[in-house]
Every structure is written in C-alpha cells, then in structure tokens.
Colleague: 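What follows is a structure written as structure tokens; I'll ask about it next.
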Protein chains: 2
Amino acid sequence: MGASIQDVADRAGVSIATVSRTFTLPDKVLPRTREKVLKVAQDLDYTISRSASALKSGKSARIAFLTGGELDSWYDSHVLAGLNSVLHDAGYDIALYAVSDEQERHAFFSDMSIKRNADAVLVVSFQIPCTEADKLATTGIPLIGINTEPIPEFSATIGIDETSCMELVINHMVNLGHRKIAYVCLDPETEHFKWNGQARLQAFRSICSKLGDRVNPTVVYAPKDDTRADFALSQLARLDQHPTAIICMNDEYALPLLFCMQRSGYTIPRDVSVAGFDDSTYAHEIGLTTIHQDPYEMGKSSAQTLLKLLEGENPDMNMQIQPSFLAVRNTTAPPEH
Amino acid sequence: MGASIQDVADRAGVSIATVSRTFTLPDKVLPRTREKVLKVAQDLDYTISRSASALKSGKSARIAFLTGGELDSWYDSHVLAGLNSVLHDAGYDIALYAVSDEQERHAFFSDMSIKRNADAVLVVSFQIPCTEADKLATTGIPLIGINTEPIPEFSATIGIDETSCMELVINHMVNLGHRKIAYVCLDPETEHFKWNGQARLQAFRSICSKLGDRVNPTVVYAPKDDTRADFALSQLARLDQHPTAIICMNDEYALPLLFCMQRSGYTIPRDVSVAGFDDSTYAHEIGLTTIHQDPYEMGKSSAQTLLKLLEGENPDMNMQIQPSFLAVRNTTAPPEH
DNA sequence: CTGTTAGCGCATTCAA
DNA sequence: TTGAATGCGCTAACAG
C-alpha cells in the first residue's frame, strides 16, 4: 500500500535516482529502463509522493486562488473550472482562499508565508492594494490577476475591457433612442473589493458624461440579497423621470429585475429596455441583452500563461484582454413615445 | 522571504524543536516561550512549510474531490464552497478531480497512489463501482460520498433522500388532480456516472408504478446541451396524450423548458404544471415549484464529518440525510378540464 | 545513461 | 519544558 521509491528501485533493479528520473525527466532514462521501472511502479501502485518532491524541489505544486467573491458564484466557479482543467493536468493543486473582508485579506498576506507554500498567486475579482501587491511581487513568485485592475505589480492580467463593454451597452441604448438611462448596481461602498463593480460604475459615469446632453443618466443602488429586484424596482419607480433603459451591473441583477418587472405588469422591452453584463446562467434562454464573456476560457488562458511564467518564459501577453461582445437579444428596443 | 525554522529558532534563542512545537503542539510549550517564538515568526514572516510538515508527518493535508459532474455546475460549485469554508480553515487543501468518462475514472484510481497523496477522498455526484470503492476502502483513508449511492464502502455519505423527494413531487401533482405526468431527464445511458440522475429516474418509475391507475406516466429524454428545452418540448408535443404535469430532473431542465413553453404560447401553470429539482439559480425568483436542497450546507456538513473521521473519531452519523422539501410556488396548479 | 551522495524543513523520539 | 539527533521520500549535483 505505501510502496516507496526504494521498493520500486529494488524490484526494478535500478537505483532510486533512476526511478525518480523516469518520472520527472523521462528523456534522461533509457527507454528500456524506463519501461521496466514504469511497469514495476504500476504493479506496486506507486507514484511520486508530492510532499517529498515538493520539499526537495522547493516547489510546492500549489497555486493560491485568492478571490474577493464567492467560490460558488457564476464567475468564480467558471474561472476555477477553467484553471483546474489545465493546472490539474500540469500537476498543480489549487488552494482556495475566499476572502470577504479587509481583515481576511490582511490575514492572507501576513499569515501565509506565501512564497514557501504556493508557486504562484491568482487574484480573482479583487482590488488588491499596491502595498500588498508589492509584497507579493517582491517574493518573486508570479502574480496573476483575473478580472482585476491591471496594475504593474502583476506578472500578467486577464479580463475583459470593462470600459469598452459599458460603452457598447450605452451606445446600443442611445442608438435605439434612449436618453433616460439608469444603472443598477451594488453600492460600491459595500463591495470595494470587487474590481468589476468599481470599474463598471466608473465606466458608466464617465461614458455618460462624455455623451453630455445625449443622455440623462441615473445610478440606483440595490443590495446583494434576495430583495435586490424589489428594492431596485421601488427605487426606480421613485425617480422623478422614469428611465426608459436600465443597465444592470450583471445578469444576477438584470434577470431578477426582469422577472420582478414582468410580475408587476411591465412588458419588456415595450415599456422599458433592460440589459445586463456577463451572459451568465439562463441569460441566453431568457433572451436577455447582455455583454457576453467566458470566464471558463479566461481561467484556461490564465493557467496557460501561468505555466509559461512558471517555466521561466516571459510571455509578452502580460495584459490579455479577453474577447467579449454585446449579445443583443429581446430585452432591448426603441423606447415608446 | 524564505525564513526557515532555523532562522526563527536562532532569533528566538530556542531550538527548532521548540519552534515546531509552538505551531503544532502549542500546549507543550511555556506560554512565555511560545509568545516569543510567535513574535519572531511574525517578524520574519515565517510559517510552517506545508511540504516539509506533510513529508515528516505522513499526512498530505490534501483532500481529493472527485466529481463526475462539472466543477462549474450549480451543485458542485456550492458543495465545493461549503467544503472549502471548513476544510481551508482546518489546514486542508482540496485537490480537484473532474472525471468525465470511465477512462478518466480508471486513471484516478490507478494513477494516483491516493493513499500517499491525499488524506481522504470525497466522491461527489458519482456512481463509483464497488471494486474501486473497495480499493479505496482498503487503503484505510476516509472515503466520503456526497450525493452518491450509499454503499457500505463509504466511511460516510451525505445527500438528500431522492426517492422521498420524488414522491413529494409526484404526490403534489397527483393531489392537484394530475394523472398524465411526464418526467423529463437526460438519457441515463449518457450519464451513467451521475447518481442522482439514476436515482431520480428510478424513483419516478417505481413511485408511479406503485400508484398504479392513478397516474399515467411517461419519460422523455432530452440532451444536456442548449437545445434541451426545444427538444423536450417537441418530444412532449409528439406524445399521444399530452401530459398535464411535467417533472424535470433538475431546475436546469425545468427553467429553460418553462421559458421555451411560455415563448411558444403556453401559460404556466394554466396549461401545464412544471416542477423541478434543486431550487437552484433563479428558481425562487421565477417562482418555480421545486425540491429545495442546500449543497453548500452539505459541503460544510461533510467537511465536519470528515474532520472527525480524520481525528480518529468514528461518527455514528454514517449516512446523513440532508433536509430537503418541496417548495410549492407558481408553476403548479390543478389541471384545466 | 545510471548510481552515489547529500540534504530539503520539519516532527518526534529520547535525554536532560 | 526544552534541546539534540534522526529520518520522512525524494531531487539534483556529481562522478562514473
């Protein structure tokens, strides 16, 4: 049951070094020898002990996944699945760190002597302060940002271009003839960790202000819990001028709002246009106009970049902008007059 | 940067043994000494090296998470988040194994000399053959099943009672006055890995047959891809007698079908009743009648059981049935006559 | 191409 | 309560 490298070496009539090599540097071993070793290993149900090889080689074979969101969110879970699909086969484990407040974030950076216990850090959906980014950067281990502000401390970042996505949505609304546009989002104060939350709101504001008189924007905050749709709707109803177009920070805001409005008697898009961000669960089936992005692919892609970094290559794709587009579907139309 | 146990020992004026003890057996160290060591460790940004302590102690501090589904599915991602919320704090990593065919499953059991590289195995949504379960069981490491057939090889299993859940749904329909009931699911041939798929279909059949003349059941298969709703609807339309009630294997079948039917002009529940399983994303907001279950809690709960097992306790809760109930909402009603 | 050797950093006996 | 000493199982020089 616990066959060691020694057992395999003995049985195969070679030294433990050769056994080790057949697994880590197979080319440096005569094919015949290699096969013999492999066969014995299989018979004995032997594989390298990760702990031992990690200790000796100084690489932990672990990647830290640091998220400011929830692991079971649409975004994070898809990124994770994408990451794992390549990192697992490359022999890496992913250590999950879900950090929900400053204290926990601080704990991550101070408690964990990262350098010794992870070969790289992936920062997901997270505003990471420069001081802490710096601290990581100086350890010399790769730091990859997924859906984060592209600060120079990162060895690489990947994400969509939030600003141009927002521009796509706003332009779509404006081109349809909308002027009174509301943006529904979580209060940025309550989610100062999440990068896309910040970025989208800021983009909304700056694009609208560039558009000047052509738009009449409002921002409505809604909490993250189950009541968000009701809350948002009542806020919207309370506005002096009712918006004819509503853009939501993500589909998890847009869809419940859509359901809620339909239940309240609105017909979408006749009475009001609604758009979301992400193209997440059921957006397609429901026909929601939204920004499409693919976090699974982003996970895969960043894993590949990471592997290169780990092999010492210096991929020049340090700031990858992942493809995204506006999927125009059935919840947006010209305003009624 | 890379402070070792030696550095800490030197600076604190103690031996490395004492440093080691302050972290692993803090009680066996004089409070004063402990604090001194802790302080130095903090200054030096030192923590135990996982690889080294794993090697020495013979425990890898890794838990294998073996799933037959997708990591980014509603179910798996919630289980994983729940697991991580307790295992992470207990010092364990979760190694993710997403296995999609027999070959990969076989690879898991043969390639991975599990015993040396994981302290326990969690099997999620997975039909695991007895021979392989046995192989795991004989290694002596805990084997926990989540949403799996409760076979004796498992040290513990956790899940909902699929049969009684199905009974709840069918009875609900029957009590409303439905007789012609269709069950929409993935063809079991294509998902012979997934336990709940099998269990639910079997439960549907056996409960209906127990009900005899009171019901007139049909089973309709639909693929897993984007076309499932259209496909299911066309299959249903083709039936000799149109069902007045449709039960779907899970919400991911029920909701798209619901949308699709509404688009096709059906009014739910006036024209037909629809129920799902899981109470997953948006089921609540949409008002879908469905079986509620909480995979996050199941993850937490199994992690706690696992920790006990790992500490040598033998929790007698070896077969935990997690609470679940039928959430009756707005997609089921008596049939029109 | 293969074997010998010397640790990697820590946990744990055994003495003190 | 603490320290000295001994490997855990493997990898990476190095020598052959």
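Labels below follow one simple rule: chain letters A, B, ... track the order of the sequence lines, proteins then strands, and each chain is numbered from 1.
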Colleague: When we call it a touch if two heavy atoms are under 4.0 Å apart, what does A:L30 touch: a base, just sugar-phosphate, or nothing?
Modeller: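 Result for A:L30 = sugar-phosphate.
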Colleague: Between P on C:dC1 and CG on A:D27, what's the gap in Å once rounded to a whole number?
Modeller: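 In whole Å, C:dC1 P and A:D27 CG are 9 Å from each other.
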Colleague: Rounded to whole angstroms, how far apart are CD on A:Q6 and P on C:dG3?
Modeller: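 For the pair A:Q6 CD and C:dG3 P, the rounded distance is 12 Å.
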Colleague: Separation of B:D10 atom CG from C:dG9 atom P, in whole Å?
Modeller: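 In whole Å, C:dG9 P and B:D10 CG are 14 Å from each other.
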Colleague: Provide, to the nearest angstrom, the distance between the CZ atom belonging to B:R116 and the C1' atom belonging to D:dG9.
Modeller: 7 Å
Colleague: Please evaluate residues B:S60 and B:N117 with respect to the criterion side-chain hydrogen bond (donor to acceptor under 3.5 Å, both in side chains), reporting the C-alpha separation (whole Å), side-chain torsions for both, the decisive distance (0.1 Å), and the verdict.
Modeller: CA-CA 6 Å; B:S60 62; B:N117 289 315; over 6 Å; no
Colleague: What does A:T33 touch in the nucleic acid at a heavy-atom separation under 4.0 angstrom: a base, only the sugar-phosphate, or nothing?
Modeller: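 Here A:T33 touches the backbone only, sparing every base.
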Colleague: Does B:R105 pair with B:E102 as a salt bridge, N-O distance under 4.0 Å?
Modeller: yes
Colleague: I need the full list of side chain to side chain donor-acceptor pair (under 3.5 Å) pairs touching residues 143-152 of chain B, with sequence neighbours left out, sorted by first then second residue.
Modeller: B:S125-B:N147
Colleague: Apply side-chain hydrogen bond (donor to acceptor under 3.5 Å, both in side chains) to the pair B:S301 and B:Q320, showing each step before the final yes or no.
Modeller: CA-CA 9 Å; B:S301 179; B:Q320 265 180 271; 3.0 Å; yes
Colleague: List in chain and number order the residues that pass side-chain hydrogen bond (donor to acceptor under 3.5 Å, both in side chains) with A:N84, two or more places apart in sequence or in another chain; answer none if no residue qualifies.
Modeller: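 A:N84 satisfies side-chain hydrogen bond (donor to acceptor under 3.5 Å, both in side chains) with no other residue.
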Colleague: Starting at atom CD of A:E35, determine the distance to atom P of C:dT2, rounded to an integer number of angstrom.
Modeller: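 From A:E35 CD to C:dT2 P: 12 Å.
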Colleague: Nearest 0.5 angstrom please: B:T33 OG1 to B:R21 CZ, how far?
Modeller: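 The CZ atom of B:R21 is 10.0 Å from OG1 of B:T33, to the nearest 0.5 Å.
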Colleague: Could you tell me how far apart B:L55 (CG) and C:dA11 (P) are, to the nearest whole angstrom?
Modeller: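 Checked: the CG to P distance equals 11 Å.
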Colleague: Write down the distance between NZ (B:K28) and C1' (D:dT2), rounded to a whole number of angstrom.
Modeller: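 Rounded to whole Å, this separation is 12 Å.
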Colleague: For a quick check, with a 4.0 angstrom heavy-atom cut-off, what is the B/S/- contact string for nucleotides 11-16 of chain D, read 5' to 3'?
Modeller: BBB---
